[in-house]
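Okay, structure first, notes after.
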Amino acid sequence: MTRILQVEGLCKRFGDFDVLRAIDLEINRGETVVLLGSSGSGKSTLLRCVNFLEIPSAGRIAIEGEPIGMPTGSGPSATIRYNERQLCAVRSKVSMVFQQFNLFPHLTVEQNVMLGPMKIRGLSQAEARDLAHRNLKRVGVEEKAQQYPARLSGGQQQRVAIARSLAMEPTLVLFDEATSALDPELVGEVLNVMRQLAEEGTTMLIVTHELGFAYNVAHRVIFLHQGEIHEAGRPDEILVHPTTEPMQNFLRGHTQFSLPHA
């Protein structure tokens with residue numbers, strides 16, 4: 001299997017506070033990996049480090065086998081120097097879907113999705129428009145192409161944001177609690193799109209509190225607690241037979257979803 005993402009010894013500090021501690025993580029092409037954890041466990045920070053919206057304090061990240069950044073020095077005191085051009089290239093291959101949709105309100109749906117391929121990938125207007133419509137159709141909102149974001153429901157706006165991400169034809173798609181800002185009745189339409197992407201073989205790293213989605217769609221589940229990975233494995237292992245107390249406590253807080261028991 002082709003390894004898309006490799007994270008080794010990743011640490012992130014804000015001042016004296018360690019948000020992430022020695023994270024090791026690998027994702028292969030076509031995998032859907034779900035990150036679970038309580039608020040403040042470091043999930044969103046991990047995503048932001050993977051596409052370098054946050055610069056890691058220590059550790060290495062490789063995308064498709066290519067280490068990002070250049071070591072300076074050697075041994076424990078070595079640091080990584082990052083080149084902005086390389087980071088821009090990473091962000092074009094590792095796209096992110098946020099809680100808030102972050103669509104440009106003055107642009108139509110079509111224009112929102114076309115913008116990245118034209119500005120970053122250098123596609124022509126015709127190429128970008130064709131790509132936009134293919135991805136809007138993929139997420140079920142092609143008929144909204146000429147509308148402005150304000151005319152769309154939250155679920156529709158998030159699907160447009162997903163189409164915008166897919167239009168960059170990324171190697172890896174990150175989802176940072178993509179349904180948490182939606183009204184409950186709209187959550188399902190976005191999760192269905194994400195399930196469809198998983199079935200199509202899109203490589204995804206997803207932060208979510210939707211345990212049903214994690215159980216039924218993810219290939220692997222990773223549980224973060226206080227900046228460390230406490231459990232990792234198949235959903236039927238981690239969600240049905242948790243072995244650590246933090247994971248057991250986390251699941252007790254999600255009593256609205258009942259998982260099957262062996």
Side-chain angles (χ1 to χ4, degrees), residues 2 4-5 27-33 47 50-53 63-66 84-179 181-182 186-206 213 217:
T2 302
I4 295 299
L5 173 69
I27 298 179
N28 295 316
R29 187 181 304 280
E31 274 196 303
T32 296
V33 177
L47 291 194
V50 166
N51 76 342
F52 294 91
L53 291 176
I63 306 295
E64 293 184 292
E66 179 184 353
E84 188 59 33
R85 179 175 294 182
Q86 186 185 37
L87 297 188
C88 288
V90 169
R91 293 174 192 133
S92 71
K93 294 194 296 183
V94 181
S95 64
M96 193 161 179
V97 179
F98 299 88
Q99 293 182 37
Q100 304 299 328
F101 324 122
N102 295 339
L103 301 176
F104 292 108
H106 63 289
L107 300 179
T108 65
V109 163
E110 177 188 77
Q111 291 167 335
N112 266 280
V113 181
M114 290 172 60
L115 189 61
M118 291 174 63
K119 294 292 186 182
I120 299 173
R121 297 181 57 203
L123 270 61
S124 70
Q125 188 176 72
E127 291 171 325
R129 181 175 291 110
D130 178 67
L131 187 61
H133 280 264
R134 279 192 277 125
N135 282 291
L136 289 170
K137 183 176 181 179
R138 194 174 173 187
V139 301
V141 288
E142 187 183 19
E143 76 282 359
K144 304 294 184 181
Q146 303 309 319
Q147 298 283 349
Y148 288 89
R151 301 292 300 274
L152 275 57
S153 70
Q156 290 169 336
Q157 290 188 59
Q158 190 62 292
R159 284 189 281 159
V160 172
I162 294 171
R164 179 181 58 186
S165 177
L166 296 173
M168 294 299 293
E169 299 188 331
T171 301
L172 172 66
V173 184
L174 310 175
F175 290 82
D176 189 8
E177 300 193 23
T179 60
L182 300 177
L186 302 177
V187 169
E189 65 185 65
V190 174
L191 291 180
N192 284 337
V193 167
M194 294 165 65
R195 178 196 287 268
Q196 173 191 320
L197 295 178
E199 292 171 351
E200 293 173 2
T202 305
T203 309
M204 298 185 288
L205 178 58
I206 300 170
F213 175 87
V217 179

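If you're wondering where the values come from, they're calculated on a predicted model, not measured in any experiment.
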Apply side chain to side chain donor-acceptor pair (under 3.5 Å) to Arg138 and Asn135, showing your working.
CA-CA 5 Å; Arg138 194 174 173 187; Asn135 282 291; 3.2 Å; yes

With distance as the sole test, does Gln158 use its side chain to make a donor-acceptor pair with the main-chain N or O of Ala178 at under 3.5 Å?
yes

If you round to the nearest 0.5 Å, how far is CG of Leu197 from CD1 of Ile162?
6.5 Å

Backbone of Lys144 reached by a side-chain donor or acceptor of Arg151 within 3.5 Å:
no

Would you compute the distance between atom CE of Met118 and atom CD of Gln125 and round it to the nearest 0.5 angstrom?
5.0 Å

Sequence neighbours excluded, the answer for side chain to side chain donor-acceptor pair (under 3.5 Å) partners of Gln147 is none

What donor-acceptor contacts under 3.5 angstrom involve side-chain atoms of residues 94-106, with partners at least two apart or in another chain?
| residue | atom | partner | partner atom | Å |
| --- | --- | --- | --- | --- |
| Ser95 | OG | Ser165 | OG | 2.4 |
| Gln99 | OE1 | Ser180 | OG | 3.2 |

Between OG1 on residue Thr32 and CD1 on residue Ile27, distance to nearest 0.5 Å:
9.0 Å

CG on Leu136 to CE on Met114, rounded to 0.5 Å:
11.0 Å

Pairing residues for Arg134 by the salt bridge (Lys or Arg N to Asp or Glu O under 4.0 Å) criterion, not counting sequence neighbours
Asp130

For the residue pair Met168 and Gly116, what are the closest heavy atoms and their distance?
SD-C, 3.5 Å

Could you measure the distance from the CZ atom of Phe213 to the OG1 atom of Thr179? Nearest 0.5 Å is fine.
9.0 Å

Summary of ring-ring contact (aromatic ring centres under 6.0 Å, His included) pairs that have at least one residue in residues 131-166, sequence neighbours excluded
none

Can you name the residues that form a salt bridge (Lys or Arg N to Asp or Glu O under 4.0 Å) with Arg29, not counting sequence neighbours?
Glu64

With sequence neighbours left out, the residues meeting salt bridge (Lys or Arg N to Asp or Glu O under 4.0 Å) with Glu84 are Arg91

